[in-house]
A.B. asks: 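One structure, pasted below without further comment.
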Amino acid sequence: KEAIMTNVDDASLGKANGLFGLQFLSDFGDQITNALLALCVLDITQSTGKVGFIYVVTTFGFVVFTLVGGLLGDALSRRNILCFADLGRGLAVLLLLLAVREKSISLIYATSFLLSILGSIHGPVKVSTWAENIPASYLERYNSLFELSLQIITILGPLIASFFILRNWTNFGFAMD
């Protein structure tokens, strides 16, 4: 019986480590994209007001659609929602590359809004998946690691985005997301 419990714990921890690693990469890409987006808008428009509007558009999307994400997560398959949201975010980043290349501010705003919608649908589902798949005895440890990784990513993401801008590697930076 004890050997069976160890295997279950090992499998659960393997899944938890996978979730943690994937979430780290996703959050890291999001931070780089957000910083690159602001810097690209500033470069295109030379207007800090238009950069600020990106944050208004993004915040509005998150505020409005986070509740929708929670409701969808309760009603539909969490795995399908996460796959759909991640695929959609990947396609939106490709659209963002086109928008930046064409210097289309309206398309940049629309794509930013789309990214915030998909991110806000993804967020609540990810948190519930996180709580369901990590063994209760390890949940505090993983939550602490997750918060630490967010703090590190919040600092490193914009620094790396600045490096990409300096090297004129904007497309590569967006592709990391």
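Computed from a prediction, not measured in an experiment: that's the story for all the values here. Residue numbers start at 1 and run along the sequence shown. When reading the values below, keep in mind they use all heavy atoms of this one structure, side chains included, and skip hydrogens, waters and symmetry mates.
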A.B. asks: Could you list all the ring pair (Phe, Tyr, Trp, His ring centres under 6.0 Å) pairs where at least one residue sits in residues 69-89, not counting sequence neighbours?
C.D. replies: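 For residues 69-89, and leaving out neighbouring residues, there are no ring pair (Phe, Tyr, Trp, His ring centres under 6.0 Å) pairs at all.
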A.B. asks: Starting at CD of Q31, measure out to CD1 of I152 and round the result to the nearest 0.5 Å.
C.D. replies: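 It is 12.5 Å, given to the nearest 0.5 Å.
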A.B. asks: Where is the tightest heavy-atom contact between G61 and F113, given as atom of each residue plus distance?
C.D. replies: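 Minimum heavy-atom separation between G61 and F113: CA-CE1, 3.6 Å.
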A.B. asks: Just so I know, are the side chains of R141 and I134 near enough to count as touching, which here means a heavy-atom distance under 4.5 Å?
C.D. replies: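 In short, these two side chains do not touch, never coming nearer than 4.5 Å.
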A.B. asks: Of all heavy-atom pairs between A161 and L36, which one has the smallest distance, and what is that distance?
C.D. replies: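 The answer is O-CD2, 3.5 Å.
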A.B. asks: Without swapping roles, check the side chain of D43 against the backbone of L39 for a donor-acceptor pair under 3.5 Å.
C.D. replies: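 No, the answer is negative, given that no donor and acceptor are paired below the 3.5 Å cut-off.
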A.B. asks: Looking at every non-hydrogen atom in both residues, tell me the closest pair between G157 and I32 and how far apart they are.
C.D. replies: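 Shortest heavy-atom contact: O-CG1, 3.6 Å.
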A.B. asks: Verify the cluster assignment for L67 and I117: are they in a single hydrophobic cluster under the rule of side-chain heavy atoms below 4.5 Å apart?
C.D. replies: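 In one cluster: no.
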A.B. asks: If the test is side-chain contact (heavy atoms from CB on, under 4.5 Å), which one of N80, D74, L76, I81 qualifies with R78?
C.D. replies: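 Between R78 and the candidates, side-chain contact (heavy atoms from CB on, under 4.5 Å) is satisfied uniquely by D74.
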A.B. asks: Examine Y55 and I153 and state if one hydrophobic cluster contains both, with Ile, Leu, Val, Met, Phe, Trp and Tyr joined whenever side-chain heavy atoms are less than 4.5 Å apart.
C.D. replies: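 Yes; tracing contacts between hydrophobic side chains, which count when under 4.5 Å, links both residues.
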A.B. asks: So F28 and F24, would you call those rings parallel, tilted or perpendicular, with 30° and 60° as cut-offs?
C.D. replies: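 Parallel: the ring planes of F28 and F24 meet at under 30°.
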A.B. asks: Could you tell me the separation between the CZ atom of F62 and the CG atom of L115, rounded to the nearest 0.5 Å?
C.D. replies: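 Interatomic distance, F62 CZ to L115 CG, rounded to 0.5 Å: 8.5 Å.
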A.B. asks: Within the 4.5 Å heavy-atom criterion, are V125 and L72 side-chain neighbours or not?
C.D. replies: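 Heavy-atom side-chain distance check fails, nothing below 4.5 Å.
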A.B. asks: Could you tell me if the side chain of F60 sits less than 4.5 Å from the side chain of V63, heavy atoms only?
C.D. replies: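 Counting from C-beta outward, V63 and F60 never come under 4.5 Å.
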A.B. asks: Once rounded to the nearest 0.5 Å, what's the spacing between atom CD1 of I121 and atom CZ of R89?
C.D. replies: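 Reported value, rounded in 0.5 Å steps: 11.0 Å.
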A.B. asks: Could you state whether I105 and L96 fall into the same hydrophobic cluster, counting links through intermediate Ile, Leu, Val, Met, Phe, Trp or Tyr residues with side-chain heavy atoms under 4.5 angstrom apart?
C.D. replies: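 Yes.
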A.B. asks: Let me confirm one number: the NE2-OG distance from H122 to S116, rounded to the nearest 0.5 Å.
C.D. replies: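 One finds 14.0 Å between NE2 of H122 and OG of S116.
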A.B. asks: Please answer: with hydrophobic residues joined when any side-chain heavy atoms are less than 4.5 Å apart, are I160 and L148 in the same cluster?
C.D. replies: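 Same cluster: I160 reaches L148 through Ile, Leu, Val, Met, Phe, Trp or Tyr contacts under 4.5 Å.
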A.B. asks: If two hydrophobic side chains count as joined below 4.5 Å and joins carry through other members, does L98 share a cluster with L114?
C.D. replies: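 No, L98 and L114 fall in different hydrophobic clusters.
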A.B. asks: Sequence neighbours excluded, which residues qualify as side-chain contact (heavy atoms from CB on, under 4.5 Å) partners of I54?
C.D. replies: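 I54 satisfies side-chain contact (heavy atoms from CB on, under 4.5 Å) with L37, V41, T58, I108, Y109, S112 only.
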A.B. asks: So how far is it from L42 CG to K50 NZ, rounded to the nearest 0.5 Å?
C.D. replies: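 Atom-to-atom, L42:CG and K50:NZ are 12.0 Å apart.
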A.B. asks: Could you check whether any side-chain N or O of E140 sits under 3.5 Å from a backbone N or O of S137, counting only pairs where one atom can act as donor and the other as acceptor?
C.D. replies: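 Not a single qualifying donor-acceptor pair exists.
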A.B. asks: side-chain contact (heavy atoms from CB on, under 4.5 Å) with L150: which residues, sequence neighbours excluded?
C.D. replies: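 Result, side-chain contact (heavy atoms from CB on, under 4.5 Å) vs L150: D27, F146, E147.
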A.B. asks: Return the minimal non-hydrogen interatomic distance between C40 and V100, and the atom names on each side.
C.D. replies: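 So the two residues come closest at SG-CG1, 3.9 Å.
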